[in-house]
There are 2 protein chains.
Amino acid sequence: MLDDRKAAILKAIVEEYIQTAQPVGSMVVARIPELSVSSATVRNEMGALEREGYLAQPHTSAGRIPTDKGYRFFVDSITEPGRLDPVQSQQIRKFFATAHGELERMLADTSRFLSGLTDYAAVVVRHSADPARIRSVQIVGLAPRVAVVVAILGSGAVDKHTLELADEPSEAQVAAASSHLAAHLTGEPVGRWMAIPPTDDPLVDRLVGIANAALTHGSGEPDEGPQVFVGGAARMATAFDAVSTIRQVLDILEQQFVLVTLIRDILDRGLSVAIGTEHGLQPLADCSIVVAPYEIEGERAGTVGILGPTRMHYEQALAAVAVVSKRLGQALSEGTREG
Amino acid sequence: MLDDRKAAILKAIVEEYIQTAQPVGSMVVARIPELSVSSATVRNEMGALEREGYLAQPHTSAGRIPTDKGYRFFVDSITEPGRLDPVQSQQIRKFFATAHGELERMLADTSRFLSGLTDYAAVVVRHSADPARIRSVQIVGLAPRVAVVVAILGSGAVDKHTLELADEPSEAQVAAASSHLAAHLTGEPVGRWMAIPPTDDPLVDRLVGIANAALTHGSGEPDEGPQVFVGGAARMATAFDAVSTIRQVLDILEQQFVLVTLIRDILDRGLSVAIGTEHGLQPLADCSIVVAPYEIEGERAGTVGILGPTRMHYEQALAAVAVVSKRLGQALSEGTREG
DNA sequence: CCTTGGCACTCAACGATACCGAGTGCCAGC
DNA sequence: GCTGGCACTCGGTATCGTTGAGTGCCAAGG
């Protein structure tokens with residue numbers, strides 16, 4: 001597609017522009033040692049690259065700026081995993097050594113951490129596309145008319161619902177309902193309606209029905225769709241200088257549904273980076289997104305990602321997202337105890 | 001302190017400035033019908049108001065801008081509750097009619113709603129200053145080495161922790177531990193360490209100890225300090241035009257601890273509004289905060305508030321925050337079932 | 001004594017103008 | 001095909017009036 005020299009020039013321009021945020025002129029490119037050509041030659045090549053859509057010129061007599069296509073070429077040419085500098089690796093190690101606690105807090109912390117690490121906004125999605133299966137379920141009476149149904153899910157999460165009863169079941173009836181429920185729900189995905197055959201005790205059936213309904217339609221997390229944690233949105237205020245752009249980007253970051261759709265879209269297309277207008281969202285035309293799914297015990301459990309300007313530092317971003325998603329998965333696979 | 005005319009002039013200037021965001025000149029003030037004086041008189045009074053610290057001048061030959069002290073006078077002069085316009089009342093009614101679900105989701109939704117209602121950033125804090133008391137507690141065995149301790153709190157919230165055991169207690173032992181724990185913890189505030197006397201079965205004691213520890217130091221919400229929900233932070237990008245200000249304010253909004261401290265501070269001082277530098281936070285020097293606590297069943301359970309520029313629309317803000325906090329409290333008092 | 005019209009003064013905002021220089025495109029020569 | 005040279009472009013910055021909103025002060029009038 002591009003001969004070696006064009007590729008080298010394009011790469012140099014992208015790198016320079018990412019660093020300086022200024023249009024890159026031919027002289028700067030000609031100065032880099034790998035290329036021993038004059039600026040005039042570079043100018044010719046730059047003209048060609050512009051005609052092919054890799055570069056753009058803000059106006060005549062300005063340097064060149066990479067287009068989305070230019071960034072795309074650059075990103076695709078990053079083949080080796082990309083090194084994190086030791087300081088960052090150290091930070092990551094430290095974070096995951098000390099991080100602990102409840103899943104949701106962990107995800108929120110991770111989003112903040114990743115944002116600090118990369119200096120872009122970070123997003124962590126916990127998706128529930130594949131609903132966790134119920135590993136164990138139990139009804140517990142707590143007071144004459146109050147009971148709890150507690151389900152432990154395959155993901156290690158605990159789904160619990162308090163039940164208010166019209167009846168006052170005996171302990172035996174609660175126990176019967178509990179085991180009847182367990183017999184029919186264990187192994188099933190949570191949040192899906194499961195028909196449960198009646199027993200010979202209508203009171204037990206009512207109790208089972210209430211518990212089953214709570215697990216199905218209950219307001220516990222699992223069936224409320226994916227959860228989104230955004231960290232470091234404030235950094236977008238530094239990444240752009242047009243207030244309107246900042247506003248638009250922040251708006252998107254608050255629309256969790258949009259974020260989730262966007263990220264799923266990117267993953268569905270088999271990408272790990274979406275640049276500028278590659279994703280459809282017009283307000284994010286100046287943004288790139290780097291994502292990586294994380295896995296808990298081999299199952300995709302969510303995604304981590306960062307959102308930055310198209311002129312983001314892609315190697316670092318890719319490396320950081322990759323490492324953090326891996327480590328997050330590991331950390332969550334260990335600490336499956338606490339839901 | 002201020003004679004009637006000065007007060008009227010000050011009020012007019014504040015209102016005008018809130019609307020236009022432009023320094024207010026003497027002629028504009030002289031035009032208002034209540035005051036039938038010439039602009040020259042207004043100028044004299046404005047000079048006096050400036051000397052007394054209520055007004056400031058960006059530069060000679062510009063109009064006047066209210067100082068924090070000026071806003072404070074204005075806010076303190078708002079005595080009657082302040083009317084919400086019918087559209088907003090309608091919105092509020094509708095929101096609380098349809099809002100439902102889990103406490104945390106409800107609070108998050110409320111923060112988003114309040115932000116939309118006022119067009120400022122909104123904050124909802126769920127504080128746990130007065131830890132809820134345990135109404136009922138129970139240990140449930142789920143698997144040979146896995147048990148759950150479930151505590152229902154006075155607030156209606158459910159605190160549950162999964163326990164991983166070294167032993168394999170019998171059902172009777174679990175039941176014994178459960179009732180022993182219940183006997184000593186019921187009525188106590190959660191999250192505080194309670195000594196529990198030993199029984200004659202060391203295995204039961206170990207189980208009780210683990211459960212007790214989980215409830216005390218466990219990672220469940222109640223002892224993790226207050227939770228903060230921020231909605232509509234993006235709106236701060238419209239409220240200010242200096243990018244650095246936006247950045248600073250967004251930063252604060254992400255520091256939950258700072259927010260909570262700030263809000264508690266304001267409430268502790270018996271205020272419902274903090275203007276500009278009245279709160280200590282330098283980055284928020286251009287912001288005002290309007291807060292109101294909400295109550296669940298008569299107990300203070302948290303705070304709702306909004307954060308906007310010092311030139312915010314105070315009457316509306318005060319009214320909106322007051323009404324939303326009240327309605328939120330009512331809504332949560334009804335739906336105490338689901339934790 | 002307070003109010004008011006008048007007047008000189010101030011100063012940010014705006015527009016016009018000129019200038020600078022980084023960067024380009026093109027061309028002729030090596 | 002590469003390179004040095006050169007004319008050209010045009011955004012950015014600085015300079016300089018000009019404008020006008022707004023003030024402070026004063027002297028006259030109720």
Quick check on [N]: is either OP1 or OP2 less than 4.0 Å from any side-chain nitrogen or oxygen of [X]?
X	N	value
B/S61	C/dC11	no
A/S39	D/dT3	no
B/R64	D/dA21	no

For [X] and [N], give me the distance from atom [atom1] to atom [atom2], rounded to whole Å.
X	N	atom1	atom2	answer
B/L55	D/dT23	CG	C1'	14 Å
A/R51	C/dT24	CZ	P	13 Å
B/Q57	D/dA21	CD	P	17 Å
B/I9	D/dG22	CD1	P	16 Å
A/N44	D/dG5	CG	P	16 Å
B/R31	D/dG22	CZ	P	9 Å
A/D3	D/dC2	CG	P	10 Å
A/H59	C/dG23	NE2	C1'	9 Å

Taking side chain as C-beta onward, heavy atoms only, is A/L117 less than 4.5 Å from A/L84?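 When only atoms from C-beta onward are counted, A/L84 and A/L117 do not touch, as no gap falls below 4.5 Å.
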
Below 30° counts as parallel, above 60° as perpendicular, anything between as tilted: where do the rings of B/F73 and B/Y54 land?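 Aromatic pair B/F73/B/Y54 classed perpendicular.
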
Under 4.0 Å, heavy atoms only, any strand: does B/M27 hit a base, just the sugar-phosphate, or nothing?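 Since no nucleic acid heavy atom lies under 4.0 Å of B/M27, the category is nothing.
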
Just to be sure I understand the rule, does A/A62 reach a base, reach only the sugar-phosphate, or reach nothing, if contact means heavy atoms closer than 4.0 Å?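 Sugar-phosphate: the residue A/A62, judged by heavy atoms under 4.0 Å, touches backbone atoms but no base.
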
Please tell me which of the listed nucleotides, [options], lies nearest to the side chain of [X]?
X	options	answer
A/S38	C/dT24, D/dG4, D/dG11	D/dG4
A/T60	D/dG24, D/dC10, D/dT23	D/dC10
A/V37	D/dT23, C/dT24, D/dT3	D/dT3
A/A40	D/dT3, C/dT4, D/dG24	D/dT3
B/E50	D/dG11, D/dG24, D/dT23	D/dG24

Rounded to the nearest 0.5 Å, what separates atom OG in B/S111 from atom CG in B/L114?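 Answer rounded to 0.5 Å: 8.0 Å.
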
Evaluate whether atom NZ of A/K6 has more than 12 neighbouring non-hydrogen atoms of other residues, nucleotides or ligands under 6.0 angstrom away.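 Atom NZ in A/K6 is crowded, with more than 12 foreign heavy atoms closer than 6.0 Å.
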
On DNA chain C, does the nearest nucleotide to B/S36 precede the nearest nucleotide to A/P23 from the 5' side, or the other way round? Give the residue.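 The answer here is B/S36.
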
Given the structure, check if the side chain of B/T41 and the base of C/dT3 hold any donor-acceptor pair shorter than 3.5 Å.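 Such a pair does not exist between side chain and base.
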
Going by modelled atom types, is there a donor-acceptor pair between the base of D/dG4 and the side chain of A/R43 at under 3.5 Å?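 Per atom types, no contact qualifies.
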
Pairing of A/R72 and A/D68 as salt bridge, 4.0 angstrom limit: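 Not counted as a salt bridge, because no side-chain N and carboxylate O are separated by less than 4.0 Å.
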
Answer yes or no: is there a donor N or O on one side and an acceptor on the other, between the side chain of A/Y314 and the main chain of A/T310, under 3.5 Å?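 Flag set: sc A/Y314 to bb A/T310 pair under 3.5 Å.
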
